[in-house]
Each structure stands twice: as C-alpha cells, then as structure tokens.
**Student:** 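Got a structure for you, written out below as structure tokens; questions coming shortly.
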Amino acid sequence: MSLITLQSIKKDFGIKEILKDASLSLDATDKVGLIGTNGSGKSTLLKMIAGLEPIDGGQIFVNSGAKIVYLPQQPDLDENRTVLEQVFADSGEQMAVVREYEELSDKLAHTPDDKQLMARFSSVMQRMEAIGAWELETNAKIILSQLGITDFNVVISTLSGGYRKRIALATALLSEPDLLLMDEPTNHLDALSVEWLQSYLNRYRGAILLITHDRYFLDRVTNRIIEIDRGDIYSYAGNYSYYLEKKALAEESAVSSQRKHQGVLRRELEWLKRGPKARSTKQKARIERIHAMQETEFKQAQGKVDIATPGRRIGKKVIELNQISKAYNGHTLIKDFTYEFSPEDRIGIIGKNGAGKSTLMDIITGRVQPDSGSLEIGSTIHIGYFDQHSEELLTALDENQRVIDYIKEEGEFVQIADGTKITASQMLERFLFPGNQQYAPIHKLSGGEKRRLFLLRILMSAPNVLILDEPTNDLDVQTLAVLEEYLEDFSGCVIVVSHDRYFLDRTVDTIFALEEFGKIRQYPGNYSVYLDYKKAEEETLQQTVNAKQKPNNLETAPAKSVPEENKKRRGLSTWQRREFEQLESKIAQLEAQKAETEKALVNAPPGSYTQVQKLYEQLEALKQTIDEATERWMELAEMES
C-alpha cells in the first residue's frame, strides 16, 4: 500500500535547482535511506513530504488517515515542559494522567502518610490501568533511558542541543506513525545509543525515510536507497552495500554508452564530411539523425570532492601530555592522563556524551587549560582542528561574507603536494562549489556545505596534526568516503572524535575510551576490534556474577509470589517500586503469551498463510514488548541494588 506519492515535483532556490521533475512513491513497508551530496536537497525533500516546504511544481498525494511524523536536525521543543511532558505531548488523556501520576508520586515520596494523597494516587493508578498508560509510560522511559536520558522530570530549557535532539527522537518513536521522517537521527548519539536505535528501527512496523551519514546504520536499517543527483531521483531496491554495487555498475554502463555514442557519432561525421548529397529519403534521415546525436547530452558522473592539499614536514616530537587532569563543577572528566603522540598515530576517541572528548581536544589545541599536568607541542607542529561546531564558527564570522572571500583569507593560491599551484577558486571547484556558489554569501549554503567549506579551509592551512571532532556530522557519505581515502595517505598525526563506527573502522588503529571518573583506557585496533575487547570483558564479568549468585527466573515467577523484601526496596521511589513489581508479573504474563503463540504457530494448518502471518506478527510484537519490559526491569533492579 502506497502511503505517499510524489509526481513530477519541482523545486528551485534560484542559485541551485534542487528537483527538476522528480517522482517518488513510499509504501507501508519501506525503510528508505536518502543520500546525496551536501546541498543536493535531502532535507528539503523531507520538509516537502512533511508539508513544511512548498513545492514549485508537481503534486504530492498522501494516503488519507496516514500519520506522518517529521524529526528535523534542529527540533523545536517547548522549553517549559519536562522531558516526560514533551514525550507525551501528543498522547492526549494518557499524558494528563501520567503527569498527575508523576506529581502524586513525588508528593507521596515526601509525605507517605497523607491519606488524601494516597486515595488520589490509588484513583489515578486505576485510570492508568484503564487507558493503558502504564505501558505507554514504561515504553517512554525505556526509550529515553536507551538514548541516555535518565532524569525524566528535568525542564527542557536547562538541556543542551544534543539532549533536546534525543528527546525529540524519543517523542517521534513513541508516537509510532505510519511514516517516520528523520533527518540525521544518529547525530549527538553515542555508539551504544546508535546500536540500540538501529535495533529498534529494524523491528519498527511503520515506513521510514531517513537521512544519515552513518553507513553501517544505512546498511542495517534500510531496504531501499534513494539518491538525489543534480535534480534527479534514483531508486535502488536494497541497502547501502547493494546501492554501492549497482551505482558502480550504472556508472560503468553510462561511460560505455557514452563511448559507444561518441564512436558512432565520429564515424557519422566522417561520412558527412565526404559531402553526401541528400537526395534520397534515407540520406536525409541519416543527416537528421547525426544532428540529433550532436545535441544529445550525457550526464557526467556525479561530482566528487577532490582532496589534494598542501603538505608540511612533521618532526619527531608531536604532542606530549603529562598527568593531565580536568574537572567541571566537581565532575572529573580527565584524570592523570599521560600520552606521547607520534607522527604515525591514528587515534579514535570515544565515550558517552559529556564524557570529556571535546574537552580533551580543547586541551590539546590550547583552547582550555588543564587543572593540573603539562602539555608540550613540537616546534614543527601545525594543528588543523575541524571542530564539531564549525558551522557556528562560520556564521559567527560574517554570514554575508562571500564563499570565495572566506577561502581567500587562507590564501589566493596554494601549492599542493605534486608542486602544482592552484587558485582558491579552483580549490573550491574541487570541493564541489561551482562558480555561482563561490560568489554567494555563506548563509546561502546548507549546513553540510558549510561544514565542507570549513574542512577545505582547515586543509588549505597544511596541517601536520589533524584533529577531527565529529567530522561525520552533516557531511554527505560521498565526501566522507573521499576524506577516508585522504586520511589513509595523510603524512601526519590524526586524532578523531566520532561516534561513526564505519568512519572509525576506516581511519584509526588505536581507540581511546573515556570512562567513568576521568579514566582513559587504550585499546589497540579500530572500533570493531574495540567492540570485541568489550564483549570479551562483559562475558568474563557475567561469568563472575553468575558464579556468585543464582539468576532470578522471570519466566516462571507468578505475580503473587513477589518476595516481601521487594516491597520495601530502599533505592526506589514509591512509583518506581510500583512499576518494578508490575513489571515482574507483566513479564511472566508476556512469556506465557509468547509460549502459547509459538505453539499455535507450530500447529497452524498447512496452507493457512493469513493465519500464519498474523501469528508471526503477534510473536514479533510480543518479543519486542518482552525485550523492552526486561530492559526497564533490569534498569530499576540496578537502581535498587
């Protein structure tokens, strides 16, 4: 069933034609990745489908009753709401009841003997049960927790942009629309949260159209790729790996067709030069065909960033950190860290949001002073720092400054590694900024184009230590692929802060993991090797835990057999204890339903496809609900312990 159809859509921003005559249809089972170079119109297309951006021509047809939810890169939230209020904003009566329940829970935690409050609390719990708000609240807290948000009552105005994006993501997921539009959903998420989101979307029943730079994410979530290329839309029925394979074949075929066309045209022109007299109908038709062939235009291969920049000698002494420590408001981010960077280092720095990754980069570049310890930088070192807030830096300078003037501040000419001198304008062309864009003001560029422009200026300065802080944010997958190839041959030290697993696997050979209490652990190898280390550590830890205590059997524990000591948990609030106890019985009931459904599926009569499909969908839904309920139970159990 088609949810939405676009017919002959046109969109033109004056200096660039975004869509020329584009048609597209999205079905209920589609999980689509939208790709294209920065500025090609990916975000614009999402906004048009969401009804937030007008079209210049064509038509958009939406299936009546279809619910569409759009998650932008910069979500607009009500700053006066708490986290839970925002997540339940579209839940109507359920939101009001949950909010009342939370308020009463908080009051009872301070005055547990208030009989009037207890009576109201009991009434609200009955209403929660009647309208299914228990499950809604549990799911909301599971999603928020998996996205790194544990304080559900904090006011949004006090949170950073990254946390607001995660709250908006949780709100979108909880609404369960028929079509979920997401613009860079993995931005501001750490690697563990990205893994969870990937798993969640794999189980998601609705249709998805998303923009992301994370190629592992694209590969594992999508079943279709749509590419925007200079105003045209191309569809590939497969994931990102399938797209790469078919795209390469299509480009080879296009080159072959163009060569064949040129060969035929050359022979025809030679015949024409011999001066045939167009007496017969055949000869006249042949001459007309030659003229038509001369007017045929072939679309050139998609432009790719050409990173050929100047180099600089690097000495033996690069950067030395000795017993570096840094804390903010009593929270230790880095403690007694010592490391001597070498010219050949390829370091990947990972950690949860707020762990101190950017702080470490700021210390290395001298933007922030450590609380203790020392920093020494070699005399030949020139650091190029690609900051994750580069877009803000660009607009802070002068948003009306022309693109070419911004680059000329670094130099009118540059001499690249092979000795060739090229102009600033030629460098811009290599970075996919055509002539008309070069003389446009910076504010006319998309977010990704601004990032690409800032990257060009950094590389033009000929650094021999390159620090990339979240380089994959807003850069298109084509530019990232070229940047990865450039880093392989870069003659200097590379330090990368990133949550992009694919990028880390391609570019680093050592991982620095920022852990609790300011500890920085070093792991040899790329990100995938690091995951293998962590998995082995967790298995060893789990074996130790299993040896010390008998695991709790959730599947067979009846609801009425909750031990008395569980009812007096000191680490949980009143409402959390209630939720914990309900989850124990709920999981047992769900496991029983799952067993019954599995039995029915096995015993289904041959040929009953409809019945089997229905049972399979019920089983998958039960598995997802059990997983989510168990995750929340484990979280509460950890809080209680």
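Counting from 1, the numbers follow the sequence of the chain as shown.
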**Student:** When you measure from the side chain of Asp505 to the backbone of Tyr527, do you find a donor-acceptor pair of N or O atoms at a distance under 3.5 Å?
**Tutor:**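 The answer is yes, because a donor-acceptor pair under 3.5 Å joins these two groups.
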**Student:** Please name the pair of heavy atoms, one in Asp469 and one in Ser358, separated by the smallest distance, quoted to 0.1 Å.
**Tutor:**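 Minimum heavy-atom contact is OD2-OG, 2.9 Å.
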**Student:** If you round to the nearest 0.5 Å, how far is CD of Glu410 from CG of Leu456?
**Tutor:** 9.0 Å
**Student:** Give a yes or no on whether the ring-centroid distance for Tyr530 and Tyr533 is below 6.0 angstrom.
**Tutor:**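 Not under 6.0 Å, so no.
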**Student:** Looking at Lys352, I'd like to know if its NZ atom is crowded, meaning that more than 12 non-hydrogen atoms belonging to other residues, nucleotides or ligands lie closer than 6.0 Å.
**Tutor:** no
**Student:** More than 12 foreign heavy atoms under 6.0 Å from CD of Gln74: is that the case here?
**Tutor:**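 Incorrect, the count does not exceed 12.
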**Student:** Taking side chain as C-beta onward, heavy atoms only, is Ile383 less than 4.5 Å from Ile377?
**Tutor:**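 Side-chain contact under 4.5 Å: yes.
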**Student:** Does Thr479 reach the side chain of Thr37, with side-chain heavy atoms less than 4.5 Å apart?
**Tutor:** no
**Student:** How close do Arg346 and Leu487 get, counting heavy atoms only, and between which atoms?
**Tutor:**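 Smallest interatomic distance, heavy atoms only, reads NH2-O, 3.3 Å.
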**Student:** Around Glu516, counting heavy atoms of other residues, nucleotides and ligands shown, do more than 12 lie under 6.0 Å from its CD?
**Tutor:** no
**Student:** When you measure from the side chain of Ser193 to the backbone N and O of Gln146, does any donor-acceptor pair fall under 3.5 Å?
**Tutor:** yes
**Student:** Working to the nearest 0.5 angstrom, can you tell me the gap between Leu333 CG and Ile520 CD1?
**Tutor:**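 Between Leu333 CG and Ile520 CD1, I get 9.5 Å after rounding to 0.5 Å.
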**Student:** So Tyr204 and Val221, side-chain contact (heavy atoms from CB on, under 4.5 Å) or not? Walk me through it.
**Tutor:** CA-CA 10 Å; Tyr204 187 73; Val221 171; over 6 Å; no
**Student:** Has Lys335 got more than 12 heavy atoms of other residues, nucleotides or ligands less than 6.0 Å from its NZ?
**Tutor:**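 Incorrect, the count does not exceed 12.
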**Student:** To the nearest 0.5 Å, what is the distance between CZ (Phe512) and CD1 (Ile347)?
**Tutor:** 4.0 Å
**Student:** A side-chain contact here means heavy atoms from C-beta on lying under 4.5 Å apart; do Arg457 and Ile407 qualify?
**Tutor:** yes
**Student:** Assess Arg452 against Phe433: is NZ or CZ under 6.0 Å from the centre of the six-membered ring, and within 45 degrees of the ring's axis?
**Tutor:** yes
**Student:** Can you confirm whether Leu459 sits close enough to Leu466 that some side-chain heavy atom of one is under 4.5 Å from a side-chain heavy atom of the other?
**Tutor:**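 They are in contact (side-chain heavy atoms under 4.5 Å apart), so the answer is yes.
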**Student:** Please evaluate residues Leu514 and Ile349 with respect to the criterion side-chain contact (heavy atoms from CB on, under 4.5 Å), reporting the C-alpha separation (whole Å), side-chain torsions for both, the decisive distance (0.1 Å), and the verdict.
**Tutor:** CA-CA 7 Å; Leu514 275 67; Ile349 298 178; 3.5 Å; yes
**Student:** Does Asn239 offer a backbone N or O that forms a donor-acceptor pair with the side chain of Thr222 under 3.5 Å?
**Tutor:**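 Not confirmed, Thr222 side chain does not pair with Asn239 backbone.
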**Student:** Give me the one residue out of Thr171, Leu84, Thr150 that meets side chain to side chain contact (heavy atoms under 4.5 Å, CB included) with Leu144.
**Tutor:** Leu84
**Student:** Side chains of Leu173 and Leu197, heavy atoms from C-beta outward: is any pair under 4.5 Å?
**Tutor:** yes
**Student:** Compare every heavy atom of Cys493 with every heavy atom of Val318, then report the nearest pair and how far apart it is.
**Tutor:**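 Nearest pair, atom of Val318 first, then Cys493: CG1-CB, 4.3 Å.
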**Student:** Do the non-hydrogen side-chain atoms of Leu189 and Arg166 ever get within less than 4.5 Å of each other?
**Tutor:**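 Result yes, sub-4.5 Å side-chain heavy-atom pair found.
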**Student:** Atom OG1 in Thr359, atom NZ in Lys326: separation rounded to 0.5 Å?
**Tutor:** 8.0 Å
**Student:** Would you kindly say whether Asp336 and Ser325 are connected by a side-chain donor-acceptor distance under 3.5 Å?
**Tutor:**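 Looking only at side-chain atoms, Ser325 and Asp336 do form a donor-acceptor pair, the distance falling under 3.5 Å.
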**Student:** Once rounded to the nearest 0.5 Å, what's the spacing between atom CD1 of Ile495 and atom CD1 of Ile319?
**Tutor:**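 Nearest 0.5 Å value for the CD1-CD1 distance: 5.0 Å.
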**Student:** Could you verify whether a donor N or O on one side chain and an acceptor N or O on the other, from Asp219 and Tyr502, lie under 3.5 Å apart?
**Tutor:** no
**Student:** When rounded to the nearest 0.5 angstrom, what distance separates NZ in Lys519 from OG1 in Thr332?
**Tutor:** 14.5 Å
**Student:** Check Phe386 against Pro471 and note the closest heavy-atom contact, atom names and distance.
**Tutor:** CE2-CA, 3.7 Å
**Student:** Between Leu159 and Ile149, does a side-chain contact (heavy atoms from CB on, under 4.5 Å) hold up when you go through it step by step?
**Tutor:** CA-CA 11 Å; Leu159 298 176; Ile149 300 170; over 6 Å; no
**Student:** Minimum heavy-atom separation for Ile314 and Ser491, please, with both atom names.
**Tutor:**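 Looking at all heavy atoms of both residues, the closest pair is CG2-O, 4.1 Å.
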**Student:** Is it true that Arg501 and Ser528 share a donor-acceptor pair across their side chains at a distance under 3.5 Å?
**Tutor:** no
**Student:** Between Asp362 and Tyr385, is there a side-chain donor-acceptor contact under 3.5 Å, judged purely by atom types and distance?
**Tutor:** yes
**Student:** Hey, are the side chains of Ile225 and Tyr242 touching, using non-hydrogen atoms and a 4.5 Å cut-off?
**Tutor:**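 Side-chain contact under 4.5 Å: no.
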**Student:** Please lay out, stage by stage, how Glu488 and Arg506 fare under the test side-chain contact (heavy atoms from CB on, under 4.5 Å).
**Tutor:** CA-CA 8 Å; Glu488 286 181 3; Arg506 282 287 311 272; 3.1 Å; yes
**Student:** Does Glu470 offer a backbone N or O that forms a donor-acceptor pair with the side chain of Lys357 under 3.5 Å?
**Tutor:** no
**Student:** How are the rings of Phe341 and Tyr339 set to each other: parallel, tilted or perpendicular (split at 30° and 60°)?
**Tutor:**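 Perpendicular, since the angle between the ring planes exceeds 60°.
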**Student:** Looking at Arg224 and Asp30, what are the two nearest heavy atoms and their distance?
**Tutor:** NH1-OD2, 2.9 Å
**Student:** Quick check against the 3.5 Å criterion: does Thr472 have a side-chain atom that pairs as donor or acceptor with the backbone of Asp500?
**Tutor:**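 Here the side-chain-to-backbone pair does not exist.
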**Student:** Under 3.5 Å, is there a donor-acceptor pair linking the side chains of Glu449 and Asn38?
**Tutor:**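 Side-chain D/A pair, Glu449 to Asn38: absent.
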**Student:** Taking only Lys NZ, Arg NE, NH1 and NH2, and the carboxylate oxygens of Asp or Glu, determine whether Glu227 and Lys246 approach each other closer than 4.0 Å.
**Tutor:**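 Looking at Lys246 together with Glu227, the answer is no, because their closest N to O distance does not fall below 4.0 Å.
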**Student:** Any side-chain heavy atom of Tyr200 sitting closer than 4.5 Å to one from Glu628?
**Tutor:**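 They are in side-chain contact.
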**Student:** Of the options Leu46, Leu209, Leu34, Leu71, which is the one that meets Met182 in a side chain to side chain contact (heavy atoms under 4.5 Å, CB included)?
**Tutor:**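 Result: among Leu46, Leu209, Leu34, Leu71, Leu71 is the only option passing the side chain to side chain contact (heavy atoms under 4.5 Å, CB included) with Met182.
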**Student:** Quick one: does Asn464's side chain have a donor or acceptor within less than 3.5 Å of a partner on Gly492's backbone?
**Tutor:**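 Flag not set: sc Asn464 to bb Gly492 has no pair under 3.5 Å.
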